[in-house]
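Structure first, then comments.
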Amino acid sequence: MRLDGSTAEVTTPGGVRRVSLAEGSCTCEWWFDHRGSRGPCKHVLAARIAARVAVEAEVTA
């Protein structure tokens, strides 16, 4: 995973998924099918967790 501000790239066996943390959107098929009506996809959740850990690491450093 690569974080860059409010965007992230999540590498999966199916390819790279681009996630917008600000919008909570993703380029995966699940997101295109549901558009957030069933909550965020697993790529958005993973990016949010990674972003939170990065912020916490900066604060404690």
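Atom set for the values below is all heavy atoms of this structure, side chains included, hydrogens, waters and symmetry mates excluded. By convention here, the first residue in the shown sequence is residue 1.
Taking OG1 from Thr7 and CZ from Arg2, the interatomic distance works out to 8.0 Å, rounded to the nearest 0.5 Å. With rounding to the nearest 0.5 angstrom, the SG atom of Cys26 is 12.5 Å from the NE2 atom of His34. Atoms CH2 and NE2, from Trp30 and His43 in turn, are 10.5 Å apart once rounded to the nearest 0.5 Å. Here Glu9 contributes atom CD and Arg17 contributes atom CZ; the two are 12.0 Å apart, rounded to the nearest 0.5 Å.
Evaluation of the side-chain contact (heavy atoms from CB on, under 4.5 Å) rule for Arg52 yields Glu56 as partners, not counting sequence neighbours.
Exactly one residue among Val44, Val19, Leu3, Leu45 makes a side chain to side chain contact (heavy atoms under 4.5 Å, CB included) with Val10. That residue is Val19.
A pairwise comparison of heavy atoms in Arg48 and Gly24 identifies NH2-CA, 4.1 Å as the closest pair.
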